[in-house]
Amino acid sequence: CGGKTKSSIFGMHECVTTAADLANAKGKMGEASQELSALEVRVSTAAATLQEAAEMWQPMFGKAGDPVAADLFQSAKAFAGELEKATTDAKTIMSEASELEKTADALASKDFGKTEEARGAEAAVEDMGEAATKAIAASVGLEKLAKQSSPELEDADGASKRYYPVMYFVDKEF
């Protein structure tokens, strides 16, 4: 529908599908935000664990005269900071998505036959598309960081069967 002020096809919109477009954009953004939320929790936990361990062990090795190990723990602290920054960015994106979801809920009951309301809904659909894209990009980044910070071992079950206990080398009958 173009209304009286829209003179070209590029300025027109289809009022009939605006509500469906709004619901679809909200759904896609919600899915992307949920995936981001799960990854944020995983990476945030890894960051806190890494920071805590590094803070505990770095002074011990520094006092024991092992500057190389102490430096490794300093590197662990720096990586924990990177993880924390990524989770902070993810929280910002999730907050924006939450606000857009509230906007979409408020717009859902509007009459999209009216130009102003249709424009508001179309702007919200565009904003939600951008938010979903940001959430997906952040999820990809967090997934990489999650794999770096806490890799999942694929063949960990039965790994100890490949090794002999120390006493085997002392007394093979043990």
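Quick caveat: nothing in here was measured; it's all calculated off a predicted structure.
Minimum heavy-atom separation, Lys77 to Ala54: CG-CB, 3.6 Å. Shortest non-hydrogen contact noted between Thr87 and Ser44 is CG2-N, 3.6 Å. Taking every heavy atom of both residues into account, Ala86 and Leu142 meet most closely at CB-CD2, 3.7 Å. The two residues Ala121 and Thr18 make their nearest non-hydrogen contact at CB-CG2, 3.5 Å. The two atoms that bring Ser139 and Ala32 nearest to each other are OG-O, 4.1 Å, heavy atoms only. The shortest heavy-atom contact between Gly120 and Leu107 is O-CD1, 3.8 Å.
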task = I would like to know whether Met29 and Lys134 meet side-chain contact (heavy atoms from CB on, under 4.5 Å); could you show each step before the answer?
result = CA-CA 10 Å; Met29 183 187 66; Lys134 284 182 188 177; over 6 Å; no
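Atom CG of Asp66 sits about 13.5 Å away from atom CE of Met60, to the nearest 0.5 Å. A distance of 11.0 Å separates CD in Glu40 from CG in Asp89, rounded to the nearest 0.5 Å. One distance of note links CD of Gln51 with CD of Glu55; it measures 4.5 Å at 0.5 Å rounding. Distance check, rounded to the nearest 0.5 Å: CD of Glu84 to CG of Leu50 gives 11.0 Å.
A chain of hydrophobic side-chain contacts below 4.5 Å, direct or via other Ile, Leu, Val, Met, Phe, Trp or Tyr residues, connects Met56 to Phe61. In terms of hydrophobic clustering, with Ile, Leu, Val, Met, Phe, Trp and Tyr side chains grouped at heavy-atom distances under 4.5 Å, Phe79 and Leu39 are assigned to a common cluster.
Under a 3.5 Å cut-off, the side chain of Thr49 and the backbone N or O of Thr45 do form a donor-acceptor pair. With Thr133 contributing its side chain and Gly129 its backbone, the two residues share a donor-acceptor pair below 3.5 Å.
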List the atom pairs, with distances to 0.1 Å, where a side-chain N or O of residues 90-106 and a protein N or O form a donor-acceptor pair under 3.5 Å, not counting sequence neighbours.
{"from": "Thr92", "atom 1": "OG1", "to": "Thr88", "atom 2": "O", "distance (Å)": "3.1"}
{"from": "Thr103", "atom 1": "OG1", "to": "Glu99", "atom 2": "O", "distance (Å)": "3.1"}
{"from": "Asp105", "atom 1": "OD1", "to": "Lys26", "atom 2": "NZ", "distance (Å)": "2.3"}

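Within a 6.0 Å sphere centred on NZ of Lys85, other residues, nucleotides and ligands contribute 12 heavy atoms or fewer.
The shortest side-chain heavy-atom distance between Asp21 and Glu122 does not fall under the 4.5 Å cut-off.
A salt bridge between Arg119 and Glu116 is present, with a side-chain N of the basic residue lying under 4.0 Å from a carboxylate O of the acidic one.
Partners of Tyr164 by side-chain contact (heavy atoms from CB on, under 4.5 Å), not counting sequence neighbours, listed by chain and number: Tyr168, Phe169. By the side-chain contact (heavy atoms from CB on, under 4.5 Å) test, Glu52 pairs with no residue at all, sequence neighbours left out.
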